[in-house]
Structures are given as structure tokens and as C-alpha cells.
Amino acid sequence: MISEKMKKAVGGNSVIRAMFEEGKRLSDIYGAENVFDFSIGNPNVEPPATIKKAILEILDEESPNKIHGYMNNSGYEDVREAIAQDINKKHGLDLTFKNIVMTVGAAGGLSIIFKTILNPEDEVITFSPYFSEYRNYVSDNGGKLVIVPTHMGTFELDLVALEAAITPRTKAIIINNPNNPTGVIYKEDIIKGLAELLTKKSEELNTCIFIISDEPYRELVYDDIKIPYMLNYYKNAFIGYSYSKSLSLPGERIGYVAFSNEMDDVDDVVQGLNIATRSIGYVNAPSLFQRVIAKCLDSEVDVSIYKKNRDLLYNHLISIGFECTKPEGAFYLFVKALIPDDTAFAAAAKKYNLLIVPGSAFGCPGYFRLAYCTSYAKIEKSLDAWTKLAKEFIK
Ligand code: PLP
């Protein structure tokens, strides 16, 4: 009874979600404490206490019709203005509420961007390994996702390969900084290089190629590394931001899209984004959480918890013979599988109750992803299982 397009989507449904379900099944058999589920990026660090306080204050102090009512499709103007000022303070820009559209998480933001900019068969380029949901966001809005590999091992962007992949149909490049699944951060030199290349190619092809910087992990950074802000480097750029990871609120579905007034045809873009919220069917971002965010712009989660997890797991895996680039941000490790077949390797790991996602799910076979946003105690308990798994393959 369902459409052919949806049948295809059901067939290729997320491997990550499937692993998550498998974790629940194994927990029923072996007990949750004996299953080491590294499959899904669901933050284990608690949201800051300011979130609960803000919710209670808003419910106590504000008019119920304001809290729960419809508003402009872009979101409340005062909330958007507060976010714009926060961005200006951090990145030296002069945005106003007009440059911010509140969204249903990063997923909602990326979807309305693609709905606004894509014509049928337009191409969107991303770099592998990549967040697999990009395929849905692009194809649901009529586009075609084109994959360019990163430099294998370091997972840095390959701008030479990108240039070769750009065609007159290229409408946008989407990058994710810090990156899921590798944890790599693209620094200023590469961001500048990307902006210069796309300025050159846009002129050459007499078109506008957008950069979309997907940044749900922007605040999850270790070792004092600075992440460049794309609006400072390229006029036709969108930032897709989300509070799902930065404030551990993935179920609340709150984020925003930011862009600058320098963007080509910016007024049309704004109108397009607003119409897209309605045609996608979410209409506006959750009203209560828009107001909560405005009160919590200075709040943060305790990133040192993730850093401790990263260090424990990374150091152990390296010590027993795994190869992995040390992640600088987000909460994932992208590790080379001990055999070329990453799916077979994930199956082998399951024998030790280790749930991992094969790299193929990110367009990068031969690797696997671990989400270390789980408890330190759980990671400690899993170390023995990792050692046993490695011994099976390293003689
Ligand atoms: N982009 C990337 C790279 C992600 O990892 C995720 C979620 O895991 C999203 C977008 C979607 O984020 P949200 O839950 O805020 O929609």
C-alpha cells in the first residue's frame, strides 16, 4: 500500500537505528549492564540545570497563549534577535533576527534549506564518510547527493577532488563541522580554501553554489580548538545549528538556520525558508523550547565528560592494535576495522555484545563508528570485550 519511493526508503532504513533496536533486544537477553551499545549519538551528559529552571520560569511567568500559540513561521522575533546577538558577540558579525529561522533541530533546518534551493536533479556534494540522513534530506527535496571522498585516514576535505566533482548542476556543498562520524574539525585554512574554490567555481559557471555548514556539534570541542564560522568566509552560506547535542536536547527538536544579508537574493531565500516550514509540515519550531533557548544562550553541557570518555576508549583501542584518527570534537570515534568487510566485523563485535555501526553506513567501508556518549563506567566495562575482539583478528 505504500509508495514505491517509501518502499525503497524502508528497504534502506538506517543501520544506526537498526543497531539501536538490536541493543534493546540484547539487553533483554543479557541484561542492559552487559551490552555495550556504541551505536547511536544520544547524549548521555545531562542538559544544564538552567534548562529546567527556564521551563518552570516561562510556564510561571509568561502568558499561556504566547507560550503555546502560533507565531511567524521563522519563530519568535525576540528569540531570533537574542540568538543573532549571541552569534555577533562570538563571531564579530552584525546579524539581526531577520538572519535567523528557528527550526525543528538540524534535520528540520537542512530540510527547509534544500526545499528552498533545489530544482529537480540539482546536485548537492558532500564528503564521505558522511551523515547518512543527508541522502534523505536531499532526495526528498528533488536533489541528487554526490559523494566525494575525504583524504582517507586523516579525513580532511579533498578540495582537488571536490573541484573535479563540481558541474553546472552543483547547487550546494554540505559539510559537517565537527564531523560525524570522524570527529575531525575543519580548520581555518581548509575553510578558506573551500570558500575560495566555490567563489571561483560560482563565477566560472555563472551560478551560485551554496555552502551549508551543518553544526550540531559546534560546542563539543576538545583541546581548545577554534572552529571557523562559515558566514565570515563565504556570502552564500547557511549555518544549520541545533541544540540537540550542545545542550543535550535531541528530543525537543530545536535549532536554527543562520545566513547573512550578503547572500544572493536573500529576501527570496527568507520567504522560501518560511514557506518550506509549512510545506514540510512542521510550520514552526517548538514554541516553548524557542523561549527556553533564549534564556539559556550562555549555558553549556559538561564537555569534559565526553573528553574523558574519548581518552579512555581511544587510548585502549590504540593500545590493542586498532587504528583511528584522534577526534577533536563531537562524540564519535571512526576506527579502521580489522578486516576489510566492516559489516562482517560489526557482526563479529556483536558476539562480545559490542554494538558498532559499520563505516558503509557512512559511505566509507572498512571502518566502523563508535558513539562514546555513554557512561564512563560502561566504557570501562567494555574494554575487556574490545581486547577479546582484537585478539580474534590480530594474531
Ligand atoms: N547532522 C548531523 C551530522 C547529525 O549527526 C545529526 C544528528 O545526529 C543531525 C544533523 C540531526 O540533528 P537534530 O537531531 O538536531 O535534527
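First listed ligand is number 1; within each ligand, the first listed atom is number 1.
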(message) Check this for me: does any side-chain nitrogen of one of Glu46 and Lys52 sit under 4.0 Å from a carboxylate oxygen of the other?
(response) no
(request) Decide, yes or no, whether a salt bridge links Lys351 with Glu392 under the criterion of side-chain N to carboxylate O below 4.0 Å. (result) yes
Short N or O separations between ligand 1 and the protein, below 3.5 Å:
| residue | atom | partner | partner atom | Å |
| --- | --- | --- | --- | --- |
| ligand 1 | 1 (N) | Asp214 | OD2 | 2.6 |
| ligand 1 | 5 (O) | Asn180 | ND2 | 2.8 |
| ligand 1 | 5 (O) | Tyr217 | OH | 2.6 |
| ligand 1 | 8 (O) | Tyr217 | OH | 3.4 |
| ligand 1 | 8 (O) | Lys245 | NZ | 2.9 |
| ligand 1 | 14 (O) | Ser244 | OG | 3.2 |
| ligand 1 | 14 (O) | Arg253 | NH1 | 2.9 |
| ligand 1 | 15 (O) | Ala106 | N | 2.9 |
| ligand 1 | 15 (O) | Ser242 | OG | 2.6 |
| ligand 1 | 15 (O) | Ser244 | OG | 2.6 |
| ligand 1 | 16 (O) | Ala106 | N | 3.1 |
| ligand 1 | 16 (O) | Ala107 | N | 2.8 |
| ligand 1 | 16 (O) | Arg253 | NH2 | 2.7 |

(request) Considering only NZ, NE, NH1 and NH2 on the basic side and carboxylate oxygens on the acidic side, decide whether Asp264 and Lys235 come within less than 4.0 Å. (result) yes
(request) May I ask you to decide whether Lys350 forms a salt bridge with Glu22, counting only side-chain N to carboxylate O separations under 4.0 Å? (result) yes
(message) Through direct or indirect side-chain contacts below 4.5 angstrom among Ile, Leu, Val, Met, Phe, Trp and Tyr, which residues connect to Ile185?
(response) Val221, Ile225, Ile227
(message) Quick check against the 3.5 Å criterion: does Ser74 have a side-chain atom that pairs as donor or acceptor with the backbone of Val101?
(response) no
